[in-house]
Undergrad: 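What follows is a single structure, and I will ask about it in a moment.
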Amino acid sequence: MTIRVMLVDDQELLRTGFRMVLQSQADIEIAAEAGDGAQAIEVAAASQVDVILMDVRMPRLDGVQATRRICLEPDGTPRAGAPKVLILTTFDLDEYAFAALKAGASGFLLKDVPPTELVTAIRSVHAGDAVVAPTTTRRMIDRFAEVLPIPQPASGPPALTPLTEREREVFLLVAQGLSNSEIAAELVLSEATVKTHVGRILGKLGLRDRVQAVVLAYEAGLLRAGRA
């Protein structure tokens with residue numbers, strides 16, 4: 001299956017570099033390009049795109065706003081059939097990248113990412129995974145906690161109401177950065193069962209991936225900035 005990629009960056013030289021790397025892959029096609037966020041929204045709506053590499057700091061409309069409009073409905077729920085967005089940033093733990101994760105992006109990459117990691121990240125996101133490990137996202141939350149709403153009390157957050165008791169247990173372990181195999185060992189379950197639970201949790205809570213689960217856990221008061 002060919003992965004259709006869209007490049008969004010106001011620097012044509014960077015787009016050219018990414019294009020050269022990605023076009024060498026048999027399973028990746030450059031389907032579209034845009035020079036700013038506003039153009040990205042227009043092009044994404046008129047093109048069939050699977051994954052978008054999105055810069056954050058661009059003229060007219062930045063990558064955060066563009067990501068939100070591409071990935072989310074006006075009420076904040078995930079937009080059905082929306083392409084996955086990978087945020088491109090110059091600095092690790094960039095607050096813009098964190099805001100974009102909240103806006104629906106599936107992860108972030110540094111612009112100087114090695115070509116092999118770039119290709120792997122695109123394939124991972126296309127397969128439905130997040131390219132930012134939950135533990136890394138926790139560090140982002142700890143660093144930029146001031147941009148989040150005040151957490152609610154941890155007892156019975158309304159956002160988790162749809163989950164069963166077992167699903168809440170799995171959700172908390174996902175939010176702490178545990179892999180499926182680690183969760184399986186912790187709860188004495190098979191990895192296949194954990195994978196099923198994670199899929200149901202994401203579906204019930206309207207989350208795109210595990211990154212969004214970490215953000216939700218913080219906002220629900222189940223994680224605290226600075227806590228290991």
Undergrad: Just to verify, what does S181 make a side-chain hydrogen bond (donor to acceptor under 3.5 Å, both in side chains) with, not counting sequence neighbours?
TA: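 With neighbours one apart ignored, the set is S179.
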
Undergrad: Would you mind reporting whether L109 and I87 have side-chain heavy atoms less than 4.5 Å apart?
TA: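 Sidechains of L109 and I87: no contact.
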
Undergrad: State whether the side chain of Q39 and the backbone N or O of G35 hold a donor-acceptor pair below 3.5 Å, judged by distance alone.
TA: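 Side chain of Q39 to backbone of G35, a donor-acceptor pair under 3.5 Å: yes, one is there.
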
Undergrad: Mind checking what makes side-chain hydrogen bond (donor to acceptor under 3.5 Å, both in side chains) contact with R4, not counting sequence neighbours?
TA: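 If we apply the side-chain hydrogen bond (donor to acceptor under 3.5 Å, both in side chains) test to R4, skipping adjacent residues, the hits are Q48, D50.
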
Undergrad: Sort and list the pairs that fulfil salt bridge (charged side-chain N to carboxylate O under 4.0 Å, His left out) and have at least one residue in residues 19-29, not counting sequence neighbours.
TA: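 Found R19-E33, D27-R123.
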
Undergrad: May I have the list of side-chain donor-acceptor pairs in residues 197-206 shorter than 3.5 Å, sequence neighbours left out?
TA:
from: K204; atom 1: NZ; to: P162; atom 2: O; distance (Å): 3.4
from: K204; atom 1: NZ; to: E167; atom 2: OE1; distance (Å): 2.8
from: K204; atom 1: NZ; to: E167; atom 2: OE2; distance (Å): 3.3

Undergrad: Does anything in residues 76-89 pair up under salt bridge (charged side-chain N to carboxylate O under 4.0 Å, His left out), and if so which pairs, sequence neighbours excluded?
TA: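 Only E73-R79 qualify under salt bridge (charged side-chain N to carboxylate O under 4.0 Å, His left out).
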
Undergrad: Could you check if a side-chain atom of L86 sits within less than 4.5 angstrom of a side-chain atom of I52, using non-hydrogen atoms only?
TA: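 Not touching, per the 4.5 Å side-chain cut-off.
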
Undergrad: If the condition is side-chain contact (heavy atoms from CB on, under 4.5 Å), which residues does Q65 pass it with, not counting sequence neighbours?
TA: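 Per chain and number, Q65 pairs via side-chain contact (heavy atoms from CB on, under 4.5 Å) with L61, D62, R68.
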
Undergrad: Who are the side-chain contact (heavy atoms from CB on, under 4.5 Å) partners of D10, not counting sequence neighbours?
TA: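 With neighbours one apart ignored, the set is D55, M58, P59.
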
Undergrad: If you measure from the Lys or Arg side-chain nitrogens to the Asp or Glu carboxylate oxygens, is any gap between E165 and R168 under 4.0 Å?
TA: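 Here E165 does not pair with R168 in a salt bridge, since their nearest N and O are not under 4.0 Å apart.
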
Undergrad: Could you list the residues that satisfy side-chain hydrogen bond (donor to acceptor under 3.5 Å, both in side chains) with T77, not counting sequence neighbours?
TA: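 Applying side-chain hydrogen bond (donor to acceptor under 3.5 Å, both in side chains) to T77 gives D75.
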
Undergrad: Salt bridge (charged side-chain N to carboxylate O under 4.0 Å, His left out): which pairs involve residues 180-197, sequence neighbours left out?
TA: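 Residue pairs passing salt bridge (charged side-chain N to carboxylate O under 4.0 Å, His left out), neighbours aside: none found.
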
Undergrad: Only counting residues at least two apart or in another chain, list the ones meeting side-chain contact (heavy atoms from CB on, under 4.5 Å) with S190.
TA: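 Checked S190 against side-chain contact (heavy atoms from CB on, under 4.5 Å); matches are A192, T193.
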
Undergrad: Keeping R15 on the side-chain end and L7 on the backbone end, is there a donor-acceptor pair under 3.5 Å?
TA: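 Not a single qualifying donor-acceptor pair exists.
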
Undergrad: Using the test side-chain contact (heavy atoms from CB on, under 4.5 Å), find all partners of E42 that sit at least two apart in sequence or belong to another chain.
TA: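 E42: no side-chain contact (heavy atoms from CB on, under 4.5 Å) contacts found.
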
